[in-house]
Amino acid sequence: MFFNSIEFVFFLPIVFFIYWMLGKKKLIFQNYLLFFSSCFFYACWDWRFLFLLMFSILLDYFSGIKIFEASGKREKYFWLSLSIVINLGFLFCFKYYNFFVSSFASALNQIGLKANISSLQLILPVGISFYTFHGLSYIIDIYNERVYPERNFINYAVFVSFFPLLVAGPIERATHLLPQVVKKREFNYAKAVDGLRQILWGLFKKIVIADNCAEIANLAFNNTSEYFGIFLILGAFFFAFQIYGDFSGYSDIAIGVSRLLGFNLIKNFNYPYFSRNIAEFWRRWHISLSSWFRDYLYIPFGGSKVNTLKKIRNTFIIFIVSGFWHGANWTFIIWGLLNALYFIPSLLAKKNRIYLDVVAKGRTFPTIKEFSAILLTFGLTVFAWIFFRAANIPHAIFYIKKMLSGLELQSGYLKVFDLFNEKFGFSIVFIILIFFSIEWKGRENEYAISNLGLKWPSSVRYLIYLLITTSLFWYGGANQQFIYFQF
Amino acid sequence: MKKFKIKLIPFVLPFLVLFFIKILLYTDKEGDLLRIGYIPKSFHYKKDGLNYSGKNNVENISTTKKTNFKILIIGDSFSEGDGSFSNHLTKNFSVLHIDRFVSNNQIQTLIDLINGDFFDYYKFDYVILENIERHVIDLSENIEFTSKLTKHQIDSFTNNLIEKKSQASEGFFAKSTIEFPLYTMPRFYLQNDYLSNDLVYKITTNSINLFNNKVDHLLVYSDDISNTRKNNNIQNIKKLESVLNKITEMLSKRSAKLIFLPVPDKYDFYYEYIKNKSKYIKPLFFDHMKRLDKKFIYIDSKNILTQYKNVYKDIYFYDDTHWTNIASNIIANEISMKIKQQDILTMQKSDNN
């Protein structure tokens, strides 16, 4: 059940209205509804995966209590390790087993040995990377005595399976979400309207920006041999727009839906393409994942409080693991590695924490220096995205080679003009410019249109919302799957 | 909460109503013309008997293990499917079909196969080259007579084929949700002789007996009309004929005979019934083809099917660019007859020798 599907258009209002009707009674009714509706939501993808999700919830629920009640550190450690091993074991089986098997077989082939290893024919359960990390953070926080275990099973189950964030995050923390689950929610008109606005903006990012940019990106990446030069450069840029629109759009919808139900989720994207260096980019992109790795991997390894060599080691570990989290393919690892290489210079120069505030705060335009820094950071990011999107490493290298060839040929530019003229239309370029202008204007806000038109007459404001809503239909129909569902 | 509901309804309800109108009256599961033209479906159009429901006995290059066939067929969508003339031919002959994913230009592909090792591996008596009228001139341009396609390459296409998932139905957030109920649907009911959605013409006819739903209009694909001028050009047709004659010579060295089967556009086939012809150019492709000196076996499908216009309705689907099972059966019978005549001639020649 995609967020932009007709099924969700019916599912959400039904859940919303029953939820607030029940809210007049007891909290537990609200939580029961959330739990069962989340199960239904997940089962719509594939009902078989529900068993795995339930197992993961039960495992962490009991492990959490056992860790808390453990008499000694050894017992605590046992239950922590058990939960981590089993959770990561499932993740490994479903997501990484075939990758390791085929890489191992390939390595053996290189040295002339033949491996007879069979692969598993398993479908990747939707959202497994997200809810696994969700549960792990809970267990680790209990072990580190940052949070008490939740003894009410339904409450804990809601925390893990809450449908807005179940399949593609944000990856919430028990310290942030669990207190909201156990507290009764009251309907708040302003919060609900704000949630709707954020859902609208999220849908705009996904349907208008991401899905339409995907058509161009897919043409470039799926037919690399037929194109060269400027079109492939544009293909890489459009993929950058696609993945941002897709993923941040999903997060906006998830956060907006949660607001409708009285929850506040953590911000997952903070205008990352306006970053002035890579360190800032990683503080603004997929915040819930990067902060997860920071808190549960980077800091336990010593973080930045170690010598230079260990700092570099820790940085590489985080980025490579982060790449690996995205998928079982060497391209993701190379993507992570590239980002590590981008990050290290600012770390060594102690410039990784210099841009903590939003760029050009309180000003309309950035300075030339800021603008150049934004462009450079964006360019580096786009280059790394080539590896993220390519089918494999040879494809990525082939793409880059072709991208850099034929730039001097007029025919390349004419071909791009023809393609846009006949196939895509130029309106998409215009819309992207408007989109980034709105994002720039709203960069100091929770999401770009949160304050848009609040001081204008309500008729003008509603007209703008109607225009945005109409654009969802006018530019819709390309129907691409959310990218991060595959993780 | 009441205030919230009141303010939400104007944003959601209109789009839901439009969506319901769309799912009630628009379909992407039936004729291709309805889908691409955003034409409302006709509740009176019956398709019983117009589709073939039997088994498909055609062998495809991607899956066959055999090497000897009476006929090789290379063509577009008219040559595929259970109700195609290809499948009807299997009643009398063994048929191998080249899957469409192998190429978009069947004329060039046939030349490439002849130049490669394909005809060393497989044996045929006849090769049917089929193309829809609107594309056939385009396909015959810029032909390269020396390029090759080997069996190994075809096997590679087959092995690397990623099955395209069937396109998802247009969902809620789609242009058709607002365009269909507010623009294209009212136009269909209120306007005559127009182009819907830049892709499908609705043209008034002077007969209501063309289709079983007794409508007084014809739905045709825009390319049928836009390509007419090019297809009427005698020089282009002569060029096509020379390409086909050359292919005939090449095939004869491979002991096979060429059968050329151009399929008339729906526009061409029903042109005589158009009420106001002043706006529409008369197609002349088949008239010109008839008069040329052909070295290949030519199936004048337009002439053949014209003889049945007063016998059958629904020779073409009302809502689709394709012909029905009625037409493909007639064409298959005609081809079978021609092949049998040709076989007799060939036997007589070899007896005389």
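Proteins come first, then strands; the chains are lettered A, B, ... in the order of their sequence lines, and each starts at number 1.
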Interatomic distance, CD1@B/Ile178 vs NZ@B/Lys22, rounded to 0.5 Å, equals 10.0 Å
When rounded to the nearest 0.5 Å, the distance separating OG of A/Ser471 from CD1 of A/Ile431 is 7.0 Å
| said: Would A/Tyr447 and A/Trp201 count as a ring-ring contact (aromatic ring centres under 6.0 Å, His included) here? Give the steps. | reply: CA-CA 8 Å; A/Tyr447 55 96; A/Trp201 191 238; 8.3 Å; no
Under a 4.5 Å heavy-atom criterion, the part of residues 193-200 of chain A in contact with chain B comprises A/Val193, A/Leu196
**Request:** Check whether any side-chain N or O of B/Asn115 sits under 3.5 Å from a backbone N or O of B/Leu149 as a donor-acceptor pair, and report yes or no.
**Result:** no
Test side chain to side chain donor-acceptor pair (under 3.5 Å), reference B/Asp319, set B/Arg35, B/Lys47, B/Lys41, output is B/Lys47
When you look at B/Asp320 and B/Lys266, which way does the salt bridge (Lys or Arg N to Asp or Glu O under 4.0 Å) test go after all the steps? CA-CA 9 Å; B/Asp320 202 290; B/Lys266 201 173 165 188; over 6 Å; no
The interface call for A/Phe10 against chain B, heavy-atom contacts under 4.5 Å, is side chain
The interface call for A/Phe17 against chain B, heavy-atom contacts under 4.5 Å, is side chain
Bottom line for B/Leu18: the part with an atom under 4.5 Å from chain A's heavy atoms is neither
Evaluate the side-chain proximity of B/Lys175 to A/Phe473: yes if any heavy-atom separation is below 4.5 Å, no if none is. no
